[in-house]
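In the text below, chain A, chain B and the rest are named by the order of the sequence lines, each starting its count at 1.
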Amino acid sequence: MKPFANALLAWFDEHGRHDLPWQHPRDAYRVWLSETMLQQTQVATVVGYFERFVEALPTLRELAAAPEDQVLALWSGLGYYRRARFLHRAAQLCVERHDGQLPRDFDALVALPGIGRSTGGAILAQAHGLRFPILDGNVKRVLTRYHGIHGHPGESAVEKSLWQRADTHTPTMRVADYTQAIMDLGATVCTRTKPRCGTCPLADSCIALRDGLVTLLPSPKPAKTTPTRETVMLVLRDARGRVLLERRGPQGVWPGLWSLPEAADVDAAWRSARQCARIDDAQALPPFTHVFSHYKLRIEPLLFDGATPTRSIADNAAPTPESRWCDTSELVALGLPAPVRKLLQNLEGHLA
DNA sequence: AAATCGGGGAT
DNA sequence: ATCCCAGATTT
């Protein structure tokens, strides 16, 4: 009937975790607290925090009545204190709205701060045996592999598909165990690296295993479209064909390399150019884009030909930035950024 | 250095 | 509804 759930439950009976502190007793408050802690921290670490927390604040009402400082102190070391504040606030709301209990109604539950679809489902399933799916990181990994789902789980279409699968697999019987089982499988067998497919109860029908995709799924987050910055590069060339270069500062890209002077836009380029040389006119050269790992740089070269170097520059007396007029023959010896070298080479070939 | 995690908040 | 960020840990 539900081969996925049955295989998982059989595995869980033998290999799952049955001794986690929030399983004994398994009430809504303890499940909620554990799920919230587990959103950010691994089981091994959470256990100690959980035990201290419930010893100090064993019930939702006591949590609601506790001073925030105490809640934060109990949370101290777990990080992400916003979640502790949500927890505290939600407890107070439960006292106000729900008679001091976490609601058994899904919509009322997810209306509380810090409880979303997955945590809400986990509470209802684990504490009350209600048939609600969960979709935490472990489950996402199991399902993307089992069904061979490509695409980053963060993409809405993929996530939608995952919720759909999660729902279909969730059984009506033993929902609490099932929920724990699929999380345990993800945590101990279907791990992100070095999954132990040899011991997996779902190996028979796992698409990723069948197709050799286990290491490829879940798909990594697509490289975010890199921002594009724009710059105008000034090619100041004097009558002898020398080009003005500047040494870049120690910060930013191309630290310490010799490069063309830059400006934010054409106007600024003109202002800057006139400080270095007497200029007649400018010619826009074809723009091109240089790709860095973290952004794209669209370069608009602006050629000032027949520039007459200003005396101070010609004498190398300019204070900052360090700059010099270079012969094309000197360029090879200088450490030029690749796109600048390319630009100057094209210039030579094109206009020489 | 980059990915991760589930939920909140902005748009 | 859809995108983007949080905030600390892990890889």
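- The nucleotide whose nearest atom lies closest to any side-chain atom of Arg192(A) is, among dG7(B), dG8(B), dT4(B), dT4(B).
- At whole-Å resolution of the value, NZ in Lys221(A) and C1' in dC3(C) are 11 Å apart.
- Contacts of Leu112(A) with the nucleic acid, taken as non-hydrogen atoms under 4.0 Å apart, involve only primed sugar atoms and P, OP1 or OP2.
- Side-chain N or O atoms of Arg192(A) include none that pairs as donor or acceptor with a backbone N or O of Asn138(A) at under 3.5 Å.
- Partners of His290(A) according to the ring-ring contact (aromatic ring centres under 6.0 Å, His included) rule, which considers only residues two or more places apart in sequence or in another chain, are Phe292(A).
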Donor-acceptor contacts, no H, no angles, side chain residues 148-157 of chain A, under 3.5 Å, sequence neighbours left out:
unit_1, atom_1, unit_2, atom_2, d
His152(A), ND1, Ser219(A), O, 3.3
His152(A), ND1, Lys221(A), N, 3.3
Glu155(A), OE2, His152(A), N, 3.2

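- When the P atom of dA3(B) is taken as reference, atom CG of Leu217(A) falls 17 Å away, rounded to whole Å.
- Here dT2(C) presents its P atom at 16 Å from CH2 of Trp163(A), a figure rounded to the nearest Å.
- By the side-chain contact (heavy atoms from CB on, under 4.5 Å) test, Thr191(A) is found to be paired with Pro195(A), residues two or more places apart in sequence or in another chain being considered.
- Nucleotides of DNA chain C nearest to Gln42(A) and Gln39(A) differ in position, and the one nearer the 5' end is that of Gln39(A).
- Geometrically, Arg52(A) engages Tyr49(A) in a cation-pi contact, judged by NZ or CZ lying under 6.0 Å from the ring centre and within 45° of the ring axis.
- Residue Pro218(A) is the one, among Pro218(A) and Gly116(A), whose nearest nucleotide of DNA chain B lies closer to the 5' end (criterion: closest heavy atom).
- Rounded to whole Å, the distance from CZ on Arg117(A) to P on dC5(B) is 18 Å.
- Across all strands, Lys160(A) comes closer than 4.0 Å to no nucleic acid atom at all (heavy-atom distances).
- Contact check, Thr119(A) against dG7(B): a side-chain N or O comes under 4.0 Å of OP1 or OP2.
- Taking atom CG of residue Leu216(A) and atom C1' of nucleotide dA3(B), one finds them 17 Å apart after rounding to whole Å.
- Between Glu155(A) atom CD and dC3(C) atom P there is a gap of 10 Å when expressed in whole angstrom units.
- Backbone-only contact: Ile115(A) has heavy atoms under 4.0 Å from sugar-phosphate atoms and none from a base.
- For Tyr29(A), there are no ring-ring contact (aromatic ring centres under 6.0 Å, His included) partners at least two apart in sequence or on another chain.
- Across the protein-nucleic acid pair, Ile123(A) atom CD1 and dG7(B) atom C1' stand 13 Å apart, rounded to whole Å.
- In terms of the side-chain contact (heavy atoms from CB on, under 4.5 Å) criterion, residue partners of Pro261(A) (sequence neighbours excluded) are, by chain and number, Leu234(A), Leu244(A), Glu246(A).
- Interface residues of residues 74-93 of chain A facing DNA chain C, ordered by number: Gly79(A), Tyr80(A); criterion, heavy-atom separation under 4.0 Å.
- Here the P atom of nucleotide dG7(B) and the CD1 atom of Ile134(A) are 10 Å apart, to the nearest Å.
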